[in-house]
Amino acid sequence: MTNDEIVLAIKDIIATIAPDEDLAHLKMDVRLREQIELDSMDFLDIVMELRKRYGVQVPEQDYMELATLDGCVKYLGPKLADKQLKLASRA
Amino acid sequence: MRYDALIIGAGLSGLGAGIRLAQFGKRVAILEKHTLWGGLNSFYKLGGRRFDSGLHALTNYAPRGERTKPLGRILRQLRIDHDELALGEQSWSAVRFPGIELRFSNDLALLRSEIARAFPGEVAAFERLLADLPGYERLDGTNSGRSARAELSGRFRDPLLVEMLLCPLCYYGGAREHDLDWEPFAILFRAVFLEGFARPSGGIRPVLDVLVKRFKAEGGELRLRAGVARIVVEGGAERGADRELGRGRVRGVVLESGEELEAEHVYSSAGWVETLALCPREHLRGAGPIEPGPLSFFESLTVTAEEPRALGFDGTAIFFNDSPRFDYRSPDGLVDPRSGVICTPNNYATSEPLTEGLLRVTLLASHAHWRALDPERYVAEKARAAELALAAAARFAFDVRGKAIFQDTFTPLTIERFTGHVGGAVYGSAHKRPDGKTGIDGLSLIGTDQGFVGIVGALLSGITVVNRRELEAAGSAS
Ligand SMILES: Cc1cc2nc3c(=O)[nH]c(=O)nc-3n(C[C@H](O)[C@H](O)[C@H](O)COP(=O)(O)OP(=O)(O)OC[C@H]3O[C@@H](n4cnc5c(N)ncnc54)[C@H](O)[C@@H]3O)c2cc1C
């Protein structure tokens, strides 16, 4: 996956978890929780989907790395490099 | 056959937990003793009609999009669309004591104006209560053991207001006599007074269908007529900590058919006492006072050709008490007709209107007294208790006497028989286990005896216990 595809992958997962959020204008460098309503349980769901879709494990102490989209790209880049993008949201 | 997780019971907590586990990619099965799912909130057919066994009101109503409220959180976590529940809001409900009424609806403005009208001297104290309560809502279920009655008595000068606030909240979630704990009071206050009541169009059945469909779509397996006879535990049975089972690790379960199922983790919604009874004896040392819950109910259902509106009643639920003091305890006789809940599904704004009238009346009832009756007396006493229930309804809401075209009743024995809850204790044991832990590794408690009750509460309980465990697993996997 390219960096752009990683952003797409994360947005698609968020769209599955929170179908009524508008994700078009998400900023890369601002914490996701400040832009849309996500609580700690939602992060658990993001991690759960990453594991289900891409077989990627994210231990709990690394959850903070996923706070922004930039953070997601940086942290997940190496882990997703050889994975195919899978889109599943109804959006 | 080896599972990642087995769930005992296909009630709302079991279904909530099951969906979450399946979403986490676990190989999971729900094992239900009965032929139907839903547990305390199931459905049945009688005399050609469909009935819900335990649906008065879905509490915690929140409109679409309110994602931080309990209902919104549940729907989001289970990935169920708000529209799938097809909720219709209540008209209004009320607490009625002799000569005084407090109405409330899903709009807090109504209750505020009622307090100002009926208890003008308490307005400031009520506002303070509204401001303070959210700070006591503990989603992790923890509990300081403070008495809600004592706390409210310190805040209000008029004891009548204290009783009137306690009455509906005890009926919709009080597991112990006379009182509620303060943190559960805060949660129930939100459920009933701040968020209020709704009814899924078509009753509980479509909601259960949505949950079961979701569970199966995520890959879960639902096994009916699969009563668990024993929980298999291996390893040490040292003395457990206070109210804990002696250590050891769960290996799986044995079904009533004799079939053995292995599992990494077992979640039980059967109740604390009931779950203990499934565990090996040597693990019970240290399990603390093993008392079933003290409270159960009698319920009468009366079908009329005319709808309640035509009989002069346009409200939803009436919580009544016939004296200034509310006595929430197991009665000295079969039922206690002095207080109760009167409600009808007809006056919700659901998309699919009902064709007949239905009146439900709930009274406190004593399991021990009902159990002592021989079969003949039992039938006669059911009819007598139903008369008391309808007399109370006539006095506090509306009169259907002489207009019934069909009637059904159930007692603490019925509840015990169909849900396995010892003593017919609808709200379970007076001692809750907020973290769901039992002392045995790999055995968790969900539902009623974890602490959250009601439809929304039970779902939340199943979801929360699973989430917490998955978080712990994520923490230790690294
Ligand atoms: C008359 C009545 C009216 C109610 N009205 C409302 C209402 O209007 N609104 C509201 O929110 N709540 C209401 N409730 C409360 C609500 O129904 C319960 O709090 C909720 O359904 C509890 O869910 P649960 O999953 O914790 O437990 P349960 O529903 O009791 O589920 C436990 C399940 O486990 C199964 N089981 C037990 N032992 C075994 C075993 N050994 N092997 C296999 N399976 C087993 C049982 O058969 C049952 O299906 C009402 C309850 C009653 C009885």
Side-chain angles (χ1 to χ4, degrees), chain A residues 9-26 31-67 71-72 74-76 78-80 83 86-91, chain B residues 4-5 16-28 62-85 137 139-141 210 214 217-220 452 459-478:
Chain A
I10 294 291
K11 283 191 179 178
D12 187 64
I13 288 174
I14 297 176
T16 319
I17 299 165
D20 42 352
E21 287 286 4
D22 177 11
L23 307 179
H25 308 290
L26 284 186
R31 287 162 59 87
L32 287 164
R33 291 177 80 151
E34 285 163 26
Q35 306 182 71
I36 49 177
E37 276 181 51
L38 288 180
D39 60 23
S40 56
M41 284 308 153
D42 292 322
F43 277 89
L44 190 61
D45 280 56
I46 293 176
V47 169
M48 170 176 99
E49 287 298 329
L50 283 170
R51 186 173 63 213
K52 271 195 348 201
R53 293 182 193 186
Y54 306 109
V56 169
Q57 297 281 2
V58 183
E60 197 195 353
Q61 71 263 30
D62 290 352
Y63 285 11
M64 306 127 60
E65 309 283 344
L66 307 180
C72 290
K74 189 158 155 253
Y75 179 80
L76 295 170
K79 294 178 190 273
L80 292 176
K83 301 277 165 47
K86 290 182 201 148
L87 296 181
S89 75
R90 285 173 257 186
Chain B
D4 294 318
I19 294 172
R20 284 304 282 169
L21 284 162
Q23 285 173 342
F24 281 114
K26 305 287 173 192
R27 170 156 203 191
V28 52
R64 195 189 170 75
E66 296 257 15
R67 289 210 319 263
T68 53
K69 302 244 171 92
L71 182 65
R73 291 171 66 98
I74 288 170
L75 292 177
R76 180 162 178 182
Q77 293 247 303
L78 301 181
R79 300 191 192 159
I80 290 170
D81 197 290
H82 195 281
D83 291 346
E84 290 183 76
L85 301 187
E137 291 175 39
L139 271 182
D140 61 3
V210 167
R214 190 86 222 124
E218 297 280 359
F452 299 137
L459 281 169
L460 204 56
S461 167
I463 293 171
T464 310
V465 172
V466 167
N467 282 348
R468 205 174 302 147
R469 204 190 114 71
E470 286 302 310
L471 260 180
E472 274 172 25
S476 60
S478 50

Participant: Side chain, backbone, both or neither: which part of B/R73 has a non-hydrogen atom closer than 4.5 Å to chain A?
Facilitator: side chain
Participant: Over all heavy atoms of both residues, which pair between B/F24 and A/M48 is shortest? Give the atoms and the distance, please.
Facilitator: CD2-SD, 3.1 Å
Participant: What part of B/T464 gets within 4.5 angstrom of chain A, counting heavy atoms only: side chain, backbone, both, or neither?
Facilitator: neither
Participant: Is there a side-chain contact between A/D45 and B/R20 in this structure, where contact means two heavy atoms from C-beta onward sitting under 4.5 Å apart?
Facilitator: yes
Participant: Is A/K86 atom NZ crowded by more than 12 heavy atoms from other residues, nucleotides or ligands, each under 6.0 Å away?
Facilitator: yes
Participant: Would you mind reporting whether A/E21 and B/R67 have side-chain heavy atoms less than 4.5 Å apart?
Facilitator: yes
Participant: Do B/R79 and A/I17 come within less than 4.5 Å of each other through their side chains, counting heavy atoms only?
Facilitator: yes
Participant: Which pair of non-hydrogen atoms, one from A/K52 and one from B/A22, has the smallest distance, and what is that distance?
Facilitator: NZ-O, 4.4 Å
Participant: Just verifying a value: how many Å separate A/E60 CD and B/E472 CD, rounded to the nearest 0.5 Å?
Facilitator: 9.0 Å
Participant: Might you point out which heavy atoms bring A/D42 and B/R76 nearest each other, and give the distance in Å?
Facilitator: OD2-NH2, 3.0 Å
